[in-house]
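Please read the structure below before turning to the comments.
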Amino acid sequence: MPSFDVVSKVDNHEITNAIDQANREISTRFDLKGTNTRLELSKNTITIIAPTDFQLKQVDEIMRNKLAKRNVDTRSLDYKPAEIKLNEATQVVDVKQGLDAETAKKVVKSIKEANLKVQAAIQGDQVRVTGKKRDDLQATIAYLREAKLNLPLQFENFRD
């Protein structure tokens, strides 16, 4: 039976490169030079550090532009509230990897509501879709691309 997997992955190497480029731009920008403004990356967490809330937003804009140029979907970023102190503002941004249980349930539910001739099953952090015909699977992929799920989806492991 033909099948494919619905996943949500972000290339960590591209994120590292984008953060490095953003830090280079921050260090050379006139309004941010010498202000101890920086981006720190650890595993799937990006920390934005700036002296003021306004500069925090500027650095966020730089980071988003660099990620977009490297084809990293910014919908996979999960922003935590900013912590603003007297001389420093920090904001933590989580990079979502994989489909969490709630999102996977939404994907399965939307496939079932579309009355497509396929079955969807949650397998860890991905959703496996199986069907009798290849055309049904391609219709499912087209349907999921049009769906508004607020998460970048990739379709891999297509088997005939």
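Only heavy atoms go into these numbers, but all of them, side chains included; no hydrogens, no water, no symmetry mates.
With contacts defined as side-chain heavy-atom distances shorter than 4.5 Å, the pair K66/E25 qualifies.
Within the structure, the salt bridge (charged side-chain N to carboxylate O under 4.0 Å, His left out) test picks out the following pairs touching residues 44-62 (sequence neighbours left out): D53-K57, D60-R64.
Remark: D78 pairs with K80 by the side chain to side chain donor-acceptor pair (under 3.5 Å) rule, at least two apart or across chains. With sequence neighbours excluded, the residues forming a salt bridge (charged side-chain N to carboxylate O under 4.0 Å, His left out) with K9 are E156, listed by chain and number. Shown here are the side chain to side chain donor-acceptor pair (under 3.5 Å) partners of S8, two or more places apart in sequence or in another chain: there are none.
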* side chain to side chain contact (heavy atoms under 4.5 Å, CB included) evaluation trace for T90 with L56 -> CA-CA 7 Å; T90 60; L56 195 74; 5.7 Å; no
Practice task
Carefully, step by step, assess N157 and R128 under the rule side chain to side chain contact (heavy atoms under 4.5 Å, CB included).
Solution key: CA-CA 9 Å; N157 205 10; R128 166 89 28 104; 3.7 Å; yes
Test side chain to side chain contact (heavy atoms under 4.5 Å, CB included) applied to V129 and Q119, step by step
CA-CA 6 Å; V129 179; Q119 292 80 38; over 6 Å; no
Item to check | D11/V72 under side chain to side chain contact (heavy atoms under 4.5 Å, CB included): CA gap, chis, key distance, verdict | outcome: CA-CA 7 Å; D11 189 1; V72 175; 5.7 Å; no
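Counting non-hydrogen atoms of other residues, nucleotides and ligands closer than 6.0 Å to CD of Q123 gives a total above 12. Other residues, nucleotides and ligands contribute at most 12 non-hydrogen atoms within 6.0 Å of the CZ atom of F54. Heavy-atom neighbours of R75 CZ from other residues, nucleotides or ligands within 6.0 Å: above the threshold of 12.
Across all non-hydrogen atoms, the minimal contact from M63 to L77 is CE-CD1, 4.3 Å. Nearest heavy atom pair, residue L32 against residue I26, reads CB-O, 3.7 Å. Scanning both residues, P2 and K132, for their nearest heavy atoms gives CD-O, 3.8 Å. Contact detail for A18 and R70: the closest heavy-atom pair is N-CD, 3.7 Å. Closest non-hydrogen pair, T37 versus T35, comes out as OG1-OG1, 2.6 Å. Between L99 and V6, the shortest heavy-atom contact is CD1-O, 3.5 Å.
Residues L151 and L144 are members of one and the same hydrophobic cluster, defined by side-chain heavy-atom contacts under 4.5 angstrom among Ile, Leu, Val, Met, Phe, Trp and Tyr. V118 and M1 are not part of a single hydrophobic cluster, where members link through side-chain heavy atoms under 4.5 Å apart. Following chains of ILVMFWY side-chain contacts shorter than 4.5 Å, one cannot reach Y79 starting from I49, and the two form parts of different hydrophobic clusters. No path of Ile, Leu, Val, Met, Phe, Trp and Tyr side chains, each step under 4.5 Å between heavy atoms, connects L153 with V95, placing them in separate hydrophobic clusters. If you chain together hydrophobic residues whose side chains sit under 4.5 Å apart, L67 and V92 never meet in one group.
I19 contributes atom CD1, which lies 6.0 Å from atom CG of L41 (distance to the nearest 0.5 angstrom). Annotation: the span from T52 atom OG1 to L86 atom CG amounts to 13.0 Å, rounded to 0.5 Å. Between the NZ atom of K43 and the CG atom of N12 there is a distance of 10.5 Å, given to the nearest 0.5 Å.
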Can you give me every donor-acceptor pair (side chain of residues 103-116, partner residue at least two apart or in another chain, under 3.5 Å) with its distance?
from	atom 1	to	atom 2	distance (Å)
T103	OG1	D100	OD1	2.4
S110	OG	K106	O	3.3
S110	OG	V107	O	2.9

Side-chain donor-acceptor distances from residues 133-141 under 3.5 Å, at least two apart:
from	atom 1	to	atom 2	distance (Å)
R134	NH1	D160	OD2	2.8
T140	OG1	D136	O	2.8

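The aromatic rings of F155 and F4 lie perpendicular to each other, with more than 60° between the two planes, well past the 30° mark.
A donor and an acceptor atom, one from each side chain of Q58 and D31, are located under 3.5 Å apart.
Between the Q97 side chain and the V10 main chain, a donor and an acceptor come within less than 3.5 Å of each other. At distances below 3.5 Å, at least one donor-acceptor pair connects side-chain atoms of R38 with backbone N or O atoms of N36.
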